[in-house]
Amino acid sequence: MSVEAYGDYGSRGLSEILQELTSASIVGVDTETHSLDDKTMIGLAIAPSPEYGVWFSEDSPYLHIALSILRNPKVTKVLYNSKFDFDVLEPFGIDETNFEDPMILAYTLHMPLKLYTLAQSLGETIPQNYLDFKIPAKGTMLAVWNQDPNFVLRKCCIDAKLALWCWFKLVPWIVPSYYIDKNIVHVLRNMEKAGVALNQESVNEYYEELDEQTTYLRQLISTKGCDPNSNQQVGIALAQKGYRLPYTKTRRQLRVDEKILSNIDDPLAISVLLYREKAKLQSTYAKPLLGLERAHTTYNNTRVVTGRLSSSDPINMQNIPHYFRGVYMADEMFYSYDASQIELRAIAYLANDKVMMRAFEDGEDIHKATMDRMGITGKLSDPVMARRLAKTLNFAVVYLGEEETIIENAKKEGIRISPQEATDFRVRYSEVYPGIRDYVWSQREQITRRGYVTTLYGRVRKADTKRMQNPHTRESVIKELFNMPVQGTASEVIKMMMAKAHKYDLRIQVHDEMVYDGKCPPPSLFEGLAPFATPLKLSIGQSWGDLQVVTA
DNA sequence: TAGCCATGCCAC
DNA sequence: AAACGTGGCATGGCTA
Ligand SMILES: Nc1nc2c(ncn2[C@H]2C[C@H](O)[C@@H](COP(=O)(O)OP(=O)(O)OP(=O)(O)O)O2)c(=O)[nH]1
Ligand SMILES: [Mn+2]
């Protein structure tokens, strides 16, 4: 069981099989690990063809043969979810340059991401027992291996050959977006591995203070007979006091979100809101960091339909509140680049809107213009909040939002915009930027006629046909697909920057922000990657919370 | 008791 | 909420 072939290898003997393996110039590879958390390798399979794979257990006397193949930079390694497998194979020092990843390609083409589902969608049949396989709820792969090693090694062989099979099936459809993602695999691995240092004293202080506040508020609110964590109970308590609350969209309970509670002048509503604010900070942002020297995350590179990265597991580092970022410390010094108005620049180019492109050439700041024209600048004392609201209004309009959205978002910040002003704001966009207006119609046509859209570099998003056919949900699908090429193209430009600066120490990525540690990539490195300019704002600081803008 | 869904809210 | 888009996490409440 230390070496075994599985699949259609005909009458070949072991030496013949190993010979075939060693002479292949492209191979499918899969690894099995103790568990998803513990990436200790149980063994690996190599497939010299889409017909069969060969298993090598971690302690196999033949393992050196597998490793010599994986170490050979002339052999193309086809890895399904390469980011994971490179981590698994890290201790063995394999070649990390010559690889392909059909999972990334499937993702780029908006195809199924689970290997078996993808293979099935491409016409392959998968034996039922492998389709049904799931690691038992409390178990580990290691336990399965000890129980039934034959099953594990056969599954590994199947996965290796299917990876290769899917690669050959999909490679005719390859688009530049694929290479963009492939080129940041190791950048992401390095970010995940390095993590970010934490100011543990500060984390503890925050936590203790929040704990006092939430404990007090929870106690206070419970004397009124409700648990502030239970929206159901909060809704009932307020209703008993005589407040008429609307229902949630499922009509199961009363709406008690911030928008509703902030309009109720009652001590219960006020204290619940305060409790929520503190509890969110405590449980989501402080608690998970207690006792940690460094914060690590996983950057998911195949999860977002537009092509953005996402971050999760154990923590999402892409939604840390600004007022909490001070606990994230540079090892030496943070150099943070944030792209300016990036999606507006992207849509200006995609729509070929001469006016908007010209505005950017002239150094205009559209978010700032909206701040001023909608009276946000004067009414919100905090310029950061003012800019945030202006962004919300701008993107809402650009992405086919209606008057209500403009009015309601402004109202949340205490700014009154009349229906007339909201209409004017919207109409002005199509008047001032006729290119954007026409682009909306051409995209509508693409979506309706072809049923899919693409980013500048070819990434695909298909329309959900079921929702597209239903008149109630159709517009919603159109908005999703209208947004995708813009958000997707912006993310591609950022990814190209990440790849270009692979020699620098990227520690955090938040969509259009890249935080480097120690050495600052020169701004020139990031220029000229896309057919439209994407100016970056550089800030420097000891922590993520005290970044100071560098005036260029 | 584990896992799913809804709700709410943090970021871009 | 039907009414800009893309995510992830904590929590309560319920079911398999
Ligand atoms: N649809 C939509 N997209 C958003 C929203 N907020 C942010 N984004 C997208 C579009 C932005 O260009 C991109 C990066 O966010 P930023 O906060 O950095 O804003 P932006 O780059 O536009 O402005 P900046 O010059 O950096 O202040 O994320 C939003 O509310 N709706
Ligand atoms: Mn930005």
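Note that the coordinates shown come from a computational prediction; the quantities given were computed from them, not determined experimentally. By convention in this document, chain letters (A, B, ...) are assigned in the order of the sequence lines, proteins followed by strands, and residues within each chain are numbered from 1.
A/Val305 comes within contact range of the sugar-phosphate backbone alone, with a heavy-atom separation under 4.0 Å but no base atom that close. Using a 4.0 Å heavy-atom distance criterion, A/Asn409 is classed as making no nucleic acid contact. In this structure, A/Ser491 reaches neither bases nor backbone, as no heavy-atom distance under 4.0 Å exists between it and the strands shown. Backbone-only engagement by A/Gln232 is indicated by non-hydrogen atom pairs under 4.0 Å involving sugar-phosphate atoms exclusively.
Ion pairing between A/Arg325 and A/Glu513 holds under the 4.0 Å rule for side-chain N and carboxylate O. We find that A/Glu408 and A/Lys259 are joined by a salt bridge, their nearest charged nitrogen and carboxylate oxygen being less than 4.0 Å apart. We find that A/Glu480 and A/Arg461 are joined by a salt bridge, their nearest charged nitrogen and carboxylate oxygen being less than 4.0 Å apart. Of the charged side-chain nitrogens involved, at least one lies within less than 4.0 Å of a carboxylate oxygen, so that A/Arg255 and A/Asp257 count as a salt-bridged pair.
Within residues 440-479 of chain A, the residues that place at least one heavy atom under 4.0 Å from DNA chain C are, in residue-number order, A/Arg461, A/Lys479. For the segment residues 396-406 of chain A, the set of residues with a heavy atom within less than 4.0 Å of an atom of DNA chain C comprises A/Ala396, A/Tyr399, A/Gly401, A/Glu402, A/Glu404, A/Thr405, in numerical order.
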Listing time: all N or O pairs from protein to nucleotides 2-4 of chain B that are below 3.5 Å?
none

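For the P atoms, the distance from B/dC5 to C/dC4 is 26 Å, rounded to whole Å. Atom name C1', nucleotides C/dA1 and B/dA6: the rounded distance is 15 Å, in whole Å.
Evaluated for a salt bridge (Lys or Arg N to Asp or Glu O under 4.0 Å) with A/Asp181, the options A/Arg459, A/Lys83, A/Arg303 yield exactly one hit, A/Arg459.
Classification of the A/Tyr399-A/Phe395 ring pair by plane angle, with boundaries at 30° and 60°, yields parallel. Ring geometry for A/Tyr504 versus A/Tyr516: interplanar angle over 60°, hence perpendicular rather than tilted (30 to 60°).
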### Task
Using a 4.0 Å heavy-atom cut-off, write out nucleotides 5-12 of chain B from 5' to 3' as B (base contacted by protein), S (sugar-phosphate only) or - (no contact).
-SSBBBSB
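Residues forming a salt bridge (Lys or Arg N to Asp or Glu O under 4.0 Å) with A/Arg189 (at least two apart in sequence, or on another chain): A/Asp87, A/Glu90, A/Glu96.
Side chains of A/Pro535 and A/Arg345 form a contact here, defined as non-hydrogen atoms less than 4.5 Å apart. Side-chain contact between A/Val144 and A/Met141 is present, with at least one heavy-atom pair separated by less than 4.5 Å. Side chains of A/Thr455 and A/Ser177 form a contact here, defined as non-hydrogen atoms less than 4.5 Å apart. Side-chain contact between A/Asp338 and A/Asp512 is present, with at least one heavy-atom pair separated by less than 4.5 Å. Using a 4.5 Å cut-off on side-chain heavy atoms (C-beta onward), A/Thr117 and A/Met111 make no contact.
Considering all non-hydrogen atoms of both residues, A/Ala390 and A/Met371 come closest at CB-CG, 3.5 Å.
For A/Lys368, the NZ atom counts as loosely surrounded, since its 6.0 Å shell holds 12 or fewer non-hydrogen atoms of other residues, nucleotides or ligands.
Using modelled atom types and a 3.5 Å distance limit, the side chains of A/Tyr178 and A/Asp101 yield no donor-acceptor pair.
Here the range on DNA chain C touched by chain A, meaning any atom under 4.0 Å from one of its heavy atoms, is C/dA1 to C/dG13.
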